[in-house]
Trainee: 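One structure, pasted below without further comment.
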Amino acid sequence: MTVDPTPVLRVTDLTTRFNTQDGTVHAVNGVSFDLADGEVLGVVGESGSGKSVTMMSLLRLIPTPPGEILAGQAIFEGDDLLSMDLGDLRKVRGGKVGFIFQDPMTSLNPVVTVGDQIVESLAVHQPGRRKAMRLRALELLQLVGIPSPEERLRCYPYELSGGMRQRVMIAIALACNPKVLVADEPTTALDVTIQAQILELVKGLREKLGMAVIWITHDLGVVAGLVDRVLVMYGGQIVEDAPVDEFYAQPRHPYSQGLLASLPSATSRGDKLVNIQGQPPDLRSAPASCSFAPRCPHAFDRCDRENPVLAAVSATRKVACWLDEVPVLVGAQSDETAKGQVGHGR
Amino acid sequence: MTEPKVHASREVVAATASGAGPKHRSLRGDVWRQFRRHKGALVGLCAFMFVTVASFVGPYLMPYDAVEIDIKMRNLSPTWSHPLGTDNLGRDMVARSMVGGRISLLVAITAMALSVFLGTTIGVLAGFFKRLDGVLMRLTDLFLALPVLPLLLVIIMLFRDSLRATFGPEQGIFMLIVFIIGITSWMQTARVVRGEVLTIKQQEFVAAAHSIGTRRRNVIFRHILPNCLSPVMVAAALGMAVAIITESALSFLGLGFPSDFPTWGRLLYDGKDFINLTPMRVVGPGVLISLTVISVNFIGDGLRDALDPKLRSR
């Protein structure tokens, strides 16, 4: 990975809420992370932990109302995605940031041919002669490994299988050579063999095209094989931010530990599966305490009083847990702890 | 990269095996295939085509003129040369029914187009823009609550003469009737389309369209509208039936076209006084109205089935 001092995307303190009839849902609470150029970032967490909403919020794709992006910045190439006007944002969407959705069965328009849907993206960002755009669409279908692409261009989505459709989705997302590709659980709706193919495809494309990838998933196996760095989300917050090998070797947050412990392994055959006791938090109240505390085996009185802030515990890792409050390692901590102190005041 | 290729080529084999050979299947072809399975719709389509062709081409083939008065031949019962008899001025009823069909069908098609256009526009706006939803749907409720027939009568009384003066008797009344039918029958379409748009708006492909930077206008025209086509088609077919009936009712009340421009409703109105003497004068246009309305309804039914991708992909 190229080590670039300025991240391609820097998200700080992103907060998104949904104002529903049952009250305000605090879906994303002060999420901050960096995405380095060319990096593959895995975002894991259970359903409702705010993974998708975070990424949708970045491109302001959440419906408003009921959604509302309350605070935060998302600096992409020097501009804040969250405050730029819609016209500029439209140039980023699809042009510089590609988005792949979870379910290929529903994310293609059923009444428009595959070719036209790819051309649509090109027409928005790199308008040219229709013939040239068709040619580029053909090239893209070849790139994502669709056989006899000339014929497929004229196909309607219902004539393609799930795996083929997801390839088309990837082709659309890649149409304008984006700097960042956001993949929102792109393999969840596919069966395992197709999943593996799509993973291989994205890996290969990333090496070929060199874009940064944000891969949202709840499959830790996928994470291990693909990503450079892991973000663990829980209750709308990032609880751990770690390089992938360190994350597997030594998860710091009790939730990450629980997640990894609940993975079945080949040696534990016949044993009962380990699970994390309890229910995910109700997001209808603003987090005042650690949202994982009720399920945490190590919870102590401070966890019920204050919400831990994501703080650096080493040069490469950040954890939001009071257990890690006492810095274990020295170096580059002073300002981070200071940031943590400010957070306590809130 | 070899894995995907192997898999994908298998997919092609499967597609070729299950599809109709290497020839490409188009959406239109599939719709037509499904439409043909609906026997009622096919019969309806044939009947409607027959009525349309008879109305527009038939008069040229008839030996009698629709407006030529032959007083010696008046009030004839059906004979071989006059299958529906003649009216009280000796005009052949078959010829008159054919010519009447022209205006009735033209009114039906234009009024339907207007009503579908209004209904779709209002439905899409209400469904897509949450801020307009309340206002537009209350407007729709308001129109639904209006008693249509009295309203029609008042409008015609008020505007008939001025429109006649500006556009001539035939065109003036044609525009008036189309306009009136159009603005009083768009409400159902608007409601159905709004509901459809609300569902489609939530679907992932709309979010996907936004995510590639598509403008809102294009999202509406390229992604949302084509997907609510099937209820719109059904609404169009039903709207045509309603338009034919409303036009007949207006003419029957004597407020439609003047008697020298025969329409089916006008023929009924003129014939009702002679119902004891020449009953076929009423039966002919009456049957034609019913036949057209029924066949159009069947066509709409078949179209709905054919345009529904869930039914089609069987």
Side-chain angles (χ1 to χ4, degrees), chain A residues 56 59-63 65 86 89-95 97-113 116-117 120-121 123-125 144-148 151 154-161 163-164 167 169 172-173 175-176 182 193-194 196-198 200-201 204, chain B residues 1-16 18-20 22-31 128 130-131 198-216 218-219 221-230 307-310 312-314:
Chain A
M56 303 271 271
L59 289 181
R60 302 197 336 233
L61 286 171
I62 54 166
L86 206 62
L89 183 65
R90 231 182 252 126
K91 286 183 196 126
V92 175
R93 291 175 177 172
V97 179
F99 218 104
I100 308 172
F101 288 87
Q102 177 173 353
D103 188 357
M105 306 314 257
T106 57
S107 44
L108 289 171
N109 186 343
V111 300
V112 178
T113 60
D116 285 347
Q117 296 195 50
E120 179 172 0
S121 174
V124 174
H125 302 289
V144 297
I146 287 181
S148 48
E151 283 168 45
R154 278 177 286 123
C155 277
Y156 288 90
Y158 73 92
E159 297 173 277
L160 302 179
S161 67
M164 295 269 259
R167 284 165 196 267
M169 279 307 293
I172 293 174
C176 306
V182 182
T193 43
I194 315 283
Q197 290 168 10
I198 296 287
E200 280 306 311
L201 174 69
Chain B
M1 278 315 290
T2 47
E3 270 277 306
K5 266 184 191 143
V6 170
H7 159 77
S9 58
R10 218 182 295 135
E11 255 171 348
V12 169
V13 173
T16 344
S18 66
K23 198 99 176 95
H24 186 78
R25 298 172 16 241
S26 69
L27 189 65
R28 203 170 295 166
D30 277 8
V31 167
F128 194 79
K130 204 165 184 185
R131 220 174 293 163
L198 284 178
T199 351
I200 293 170
K201 200 171 68 163
Q202 301 296 328
Q203 292 197 10
E204 235 170 13
F205 67 83
V206 175
H210 282 297
S211 85
I212 57 169
T214 312
R215 290 174 172 280
R216 268 206 300 213
N218 286 341
V219 170
F221 282 111
R222 287 180 50 96
H223 296 276
I224 290 183
L225 255 187
N227 277 291
C228 38
L229 206 62
S230 74
L307 286 170
D308 189 340
K310 273 172 259 148
R312 204 197 311 135
S313 53
R314 280 179 313 187

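Everything numeric in this text was worked out from a predicted model, so none of it was measured. Chain letters run A, B, ... following the sequence lines, proteins first and then strands; every chain starts at 1.
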Trainee: With no hydrogens and no angle check, is any side-chain donor or acceptor of H223(B) less than 3.5 Å from a backbone partner on V112(A)?
Mentor: no
Trainee: Sort L108(A) into side chain, backbone, both or neither according to what part of it lies under 4.5 angstrom from a heavy atom of chain B.
Mentor: backbone
Trainee: Using 0.5 Å steps for rounding, measure from the CZ atom of R216(B) to the CZ atom of R90(A).
Mentor: 7.5 Å
Trainee: Determine whether a donor-acceptor pair (N or O, by modelled atom type, separation under 3.5 Å) exists between the side chain of D103(A) and the backbone of E204(B).
Mentor: no
Trainee: Indicate the atoms forming the closest heavy-atom contact of R222(B) with N109(A), along with that distance.
Mentor: O-ND2, 3.1 Å
Trainee: NE2 of H210(B) to CZ of R93(A): how many Å apart, nearest 0.5 Å?
Mentor: 7.0 Å
Trainee: Is V92(A) close to chain B through its backbone or its side chain, or both, or neither, when contacts mean heavy atoms under 4.5 Å?
Mentor: neither
Trainee: Please flag which part of M169(A) lies under 4.5 Å from any non-hydrogen atom of chain B: side chain, backbone, both or neither.
Mentor: side chain
Trainee: Indicate the atoms forming the closest heavy-atom contact of A208(B) with F101(A), along with that distance.
Mentor: CA-CE1, 3.3 Å
Trainee: Considering only heavy atoms and a distance below 4.5 Å, find which of S107(A), P157(A), P63(A), A123(A) pairs most often with chain B.
Mentor: S107(A)
Trainee: Write down the atom of I212(B), the atom of E120(A), and the distance for their closest heavy-atom approach.
Mentor: CD1-CG, 4.2 Å
Trainee: Looking at every non-hydrogen atom in both residues, tell me the closest pair between G213(B) and V124(A) and how far apart they are.
Mentor: O-CG1, 3.2 Å
